[in-house]
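Just below is one structure, and these are the notes that go with it.
Chain naming here is simple, since letters A, B, ... match the order of the sequence lines and numbering starts at 1 in each.
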Amino acid sequence: MGLDGGVRMATRFEPVGSRFSAPELEERVLRFWGDREIFRRSIDERAGAPVFSFFEGPPTANGNPGVHHVLARVFKDLIPRYKTMRGYQVPRKGGWDTHGLPVELEVEKQLGLSSKREIEDFGVAAFNERCRASVFAYVQEWERMTQRIGFWVDMQDAYVTYSNEYIETCWWIFKRLWDHGLMYLGYRVTPHCPRCETSLSSHEIAQGYHEDTPDPSVTVRFRVKPAHYHASAPTPHLHLEDGVPTSILAWTTTPWTLPGNTALAVNAEAGYVLLEMDAAGGGRERVVVAADRVEAVLGDAGDIIDAFRGRELVDVLYEPLFESTTWDGVEALVFAPDGRPQRLKASESAPERRVVAGAFVGTADGTGVVHIAPAFGEDDYQLGRSAGLMFLQPVSLSGTLVGGPWAGRFVKEADPSITADLRERGLLWNAATIRHTYPFCWRCDTPVLYYAKPSWYIRTTAIRDRLVETNQTIHWVPEHIRDGRFGEWLEGNIDWAVSRERYWGTPLPLWVCELCAHTECIGSFEELRTRARAATLPEPFDDPHRPFIDAIEIDCPQCGGTMRRTPEVADAWFDSGAMPYAQWHYPFEHGEQFESRFPADFICEAVDQTRGWFYTLHALANLLHRTEDVSEPIAYRHVIVLGHILDGDGQKMSKSRGNVVNPWDVLNDHGADALRWYLYTASPPGNSRRFSSELVGETARRTISTLWNTYSFFVTYANVADFDVAAAVDPGSRTELDRWVRSELHRTVRQVTEALDAYEPADAGRPIADFIEQLSNWYLRRSRRRFSRPDSEADRQAALHTLCECLTTTARLLAPFTPFLAEELYRNLEAGPGSTTGASGAGAAESVHLATWPEVDVSAIDEQLSSEVATVQRMVSLARAARAKAGARVRQPLATAVLVPRTPAERAALERLRDQIQDELNVKTIEVASDAGERVSYTLRPNLPVLGPRLGSDVGRVRQALASADGSDIARRMRTGQPITLAGVDGIELAASDILLSVEAGEGWAAAEDGGYIAVVDARLTPDLEREGIAREIVRRLQDLRREAGLDLADRIRVTFQGDGVITAALAAHGDSVREETLADSILAATPEAGAVQSSAEIDGHPLTLALLRA
RNA sequence: GGGCCCGUAGCUCAGUGGUUAGAGCAGUCGGCUUAUAACCGACCGGUCCCUGGUUCGAUCCCAGGCGGGCCUACCA
């Protein structure tokens, strides 16, 4: 305005109350950020700076966000805010995960559909439209929460996995993989939900295990064929020539797989036995089981006829449990070289059921013989393939039996009938029920079946070694994830089953010729337009989802036939792993952005993403590096892996358990800063943590509220003193205390910076909390008088400057952690209220989040001073403990305190800082000594860290000798530096540093000791001391009365008192100081004046009535 | 079943091959008093999950268990 005529005005800070409402403050800051576009500017104003790249792991917005989501989001926020202050440009593009089974099932529920058949009847186009709409049902809730907790992420420009551009990039990736032979159609056993009729990923399976699931446990007789059926002579160990009916026993928990049985597997090296016993229906029978299993399966029944290795049983033929006459409708298939079961050629006959060897067969349970049904188990399938077995598939994809007496029945419901049938036909050895863990579909709770069927695979095993190797270059926090959970998962890598027989997902861009099976992968929409038969291309082609994409046909270049798209969509995890490329529609667009942000410098998710997002990102980066499409084989350099939030009982929070804490309750009660601070500092990020709103409040009170009070104190006195931030401070005016707190401050800056550079938020937060504690409870408490009644103006300005620096620097340190509180402090203290340039001077950034990270002022750090004050604090604390033992309240002056630290350097420090100590302790004389002399008696202990390595096993004897030695004598020798020898321990000479003393106070003294530090106080009161104590007590009571009377700070008073001789004597001796402290014009022995405020109580047993009136 | 993490005071968590294992909160008692819906001190509170081993010495290192969490796995 130019009205100051060049006269510099001192800053006036916005007044700050000692109480504050965090939610109110935070809403105010949020408005400020919004009005001034601070987030956008924190990125834009860093244009040209090196980019620090952050990838947002996309949340699925189909449920309300809980506290566990807040956890991830506040950690995602921390590092980018820090790096921004360190001068990087940190773009933060948001994203949403929108495809997949959870979305489909949500819609199925809404529509009341329960099978794929019903979805197709409803119409895939309409169904997918509902999916598209449902994904964003909760987006507003997410955005509201995200904003309220102060997570800065660009949600306007977020990527969406269902967008055409996103899908096109996924196609490009598939194409690159396909062209490099990294994709194939495999025929394999996968977990299959018969209701959803699709494969489930391992991640999905993991969510649906039910413990204690009851299942049948049946042991079955497989009848060995008579000798003449065998092509070559069967092993003589079976003694088939005896003509006794002989069976091999096998155990299963899935009777419904028995119609699919085509082999029995034994362990070639294990021992087996042939036993004979009475048969149930009369006569004798013989059975084969593993030698280890005889007792468990047969008890003591039966006599051992022969014993042999498993290999002897290989190629023994046995009869099918179900004759083809009773189980029709299932065609016998054989394995083709590519692993796919195929029909028999006319000239072929089906392989016979026989015994084979399998390395996976153990003898720890069952019978040591495994029933093999290649259609239903991974081991079974692989064995079938390698041994050339017959393949029978008597179960449909919807989980019902095909053919046989129970055709159409759901497999689990058919189990009892199958078992009963076997019992009737004498083939059942034993039936019972067991309880074990079994997988169910995590969404619809249908028991999952393992099922051999075709599926598209990404050949991740081709790059397994590279996955492992490049993982070593990723910085994992906590470190153990790298070689532990994640590393081991990579070591055991199997090919990625990437196809899903569903509707709402990225369609696989694979077209297969219906005549010759020629397959092509289409890598872009343009390529598809070019290749498509014009008549089949929808016009306009604006949605690459099903069902539209399915209509498009391509001419087969090999045979001229029709190529149709394979009907599957991609695993939604493929979408998430494709995010570094697809979020930019790379390589079709935005090549520059992609290049500058790949790989990410930082990502952060909870530990359950180890085999989810962390894996898919890593796998795709490695694959695309293999195809030479990206420059680096990793997608992220640093990753913080978060543990889960548990409820008060240590249970994981989840919707299904109903124990999710609503973040809004916490936010409304304590505010976002408190919640954030708690999450950062409660424990290292990788630990799981129990959570409750109360704990958040507790943490906040301790640190945030302490800082706020300090801030409020500063502003109050700075305004009173017309404090000018910009005025230079005279270094000579700085006191020792000023120098100390600056040393602590810059030590803190150093620690916090190092910890954040190491991606360890908890280690970074704790020093800040410690500093705030020191600032408030040592610096400020000890400096109070310098602010309210300073010795000189220069002293006051120095104190204000020092405190101001501490607060503004702390605000910057806190900015990434508690961005709202930090902003409040910064705005008021540095940028000036309502200012855009900073009232305190030109160039102050408008927001702390546009400001720079504090530099460590190395010259401010005085390690010696810091450790000296630490010693003072320790000794003061000890002396207070000694006071308490003596029963002397702090206002009661004592004559002497003797302080005994451990080293000469510490003694020197205490001598130097004697004034501070005296002040804190309220004693007349401080004595610093190397021992407490005759005031105490000693007990002795060996200094084990010193003596242990030197003496080894002699330590025990020294310990005993010290315990029985004369403490005072040895203490005297230690004091005078004489060598010490002990009775009963020959040849060992001890020095003072080898022995530790503990003390017991002598008569009239009180002592406290901790870790070799000793404080002793004189507990005896002289009449003088007593009078002084009483006088100080009177001061306190008068101050109370002043407050009670509602007087102002500067009001003067008249005092009357009624007391005994001791009271009178105390006031006679110390009346001047009492008057001075309480601003009293007079203190008279008299009855209270009319209208006076008064109180009566005893001091040390002396009755006293005090009364005061405003003068 | 396997892997990883965790197990320390009533609660939430530090910590270390070495003296008498700590902090905050809670509880009890006391103190302070214009930072005051704060603050300071003391006390109370411990089988450092258990059992073995290594060691002069183990809460810490090793082995085996137990319990919790997470991840993973249809051995029939």
Rounded distance in Å between the [atom1] positions of [N] and [M]:
N: B/C44; M: B/A38; atom1: P; result: 26 Å
N: B/A9; M: B/G24; atom1: P; result: 16 Å
N: B/C11; M: B/U47; atom1: P; result: 12 Å
N: B/C61; M: B/G7; atom1: P; result: 11 Å
N: B/U8; M: B/C48; atom1: P; result: 11 Å
N: B/U59; M: B/C49; atom1: P; result: 10 Å
N: B/C6; M: B/G10; atom1: P; result: 22 Å

Using the side-chain hydrogen bond (donor to acceptor under 3.5 Å, both in side chains) criterion, which residues pair with [X]? Sequence neighbours excluded.
X: A/Tyr450; answer: none
X: A/Thr703; answer: none
X: A/Gln774; answer: A/Gln873

Watson-Crick or G-U wobble partner for [N], using a 3.5 Å limit on both distances?
N: B/A63; value: B/U51
N: B/C56; value: B/G18
N: B/C25; value: B/G10
N: B/U36; value: none
N: B/C4; value: B/G69

**Message:** Rounded to whole Å, please give me the gap between CH2 in A/Trp489 and C1' in B/A73.
**Reply:** 11 Å

**Message:** Would you compute the distance between atom CG of A/Asp215 and atom OG1 of A/Thr252 and round it to the nearest 0.5 angstrom?
**Reply:**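 Answer for the CG-OG1 pair, A/Asp215 versus A/Thr252, is 9.0 Å.
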
**Request:** Quick one: list whatever passes salt bridge (Lys or Arg N to Asp or Glu O under 4.0 Å) with A/Asp292, sequence neighbours left out.
**Result:**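 Per chain and number, A/Asp292 pairs via salt bridge (Lys or Arg N to Asp or Glu O under 4.0 Å) with no residue.
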
**Item:** Most 5' of A/His371 and A/Thr681 on RNA chain B, judged by nearest nucleotide
**Value:** A/Thr681

**Request:** Would you classify A/Gly362 as touching base, sugar-phosphate or nothing, given that sugar-phosphate means primed atoms plus P, OP1 and OP2, and contacts are heavy atoms under 4.0 Å?
**Result:**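 Base, at least one base atom sits under 4.0 Å.
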
**Prompt:** Among A/Phe714, A/Tyr711, A/Phe713, A/Tyr717, whose ring-ring contact (aromatic ring centres under 6.0 Å, His included) with A/Phe13 holds?
**Reply:**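 Looking at A/Phe714, A/Tyr711, A/Phe713, A/Tyr717, the match for A/Phe13 under the ring-ring contact (aromatic ring centres under 6.0 Å, His included) is A/Phe714.
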
Polar-atom pairs under 3.5 Å, protein N or O versus N or O of nucleotides 35-43 of chain B: list them with distances, or write none.
from	atom 1	to	atom 2	distance (Å)
B/A35	N7	A/Arg784	NH1	3.2
B/A35	N6	A/Ser776	O	2.6
B/A35	N1	A/Ser776	OG	2.7
B/U36	OP1	A/Ser18	OG	2.2
B/A37	N7	A/Arg19	NH1	3.1
B/A37	N6	A/Arg19	NH1	2.6
B/A38	O2'	A/Asn709	ND2	3.1
B/C39	O3'	A/Asn777	OD1	3.4
B/C40	OP1	A/Asn777	ND2	2.8

**Request:** Not counting sequence neighbours, which residues clear ring-ring contact (aromatic ring centres under 6.0 Å, His included) with A/Tyr680? List them please.
**Result:** A/Phe75, A/Phe817

**Request:** For A/Thr219, check side-chain contact (heavy atoms from CB on, under 4.5 Å) against everything at least two apart and list the hits.
**Result:**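 side-chain contact (heavy atoms from CB on, under 4.5 Å) check on A/Thr219 returns A/Leu249, A/Trp251, A/Thr367, A/Trp429, A/Asn430.
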
**Item:** With A/Asn709 via side-chain contact (heavy atoms from CB on, under 4.5 Å) - residues at least two apart
**Value:** A/Ser18, A/Ser705

Please list, pair by pair, any protein nitrogen or oxygen found under 3.5 Å from a nitrogen or oxygen in nucleotides 1-6 of chain B.
from	atom 1	to	atom 2	distance (Å)
B/G3	O2'	A/Glu488	OE1	2.5
B/G3	N2	A/Arg485	NH2	2.9
B/C4	O2'	A/His480	ND1	3.2
B/C4	O2	A/Arg485	NH2	3.0

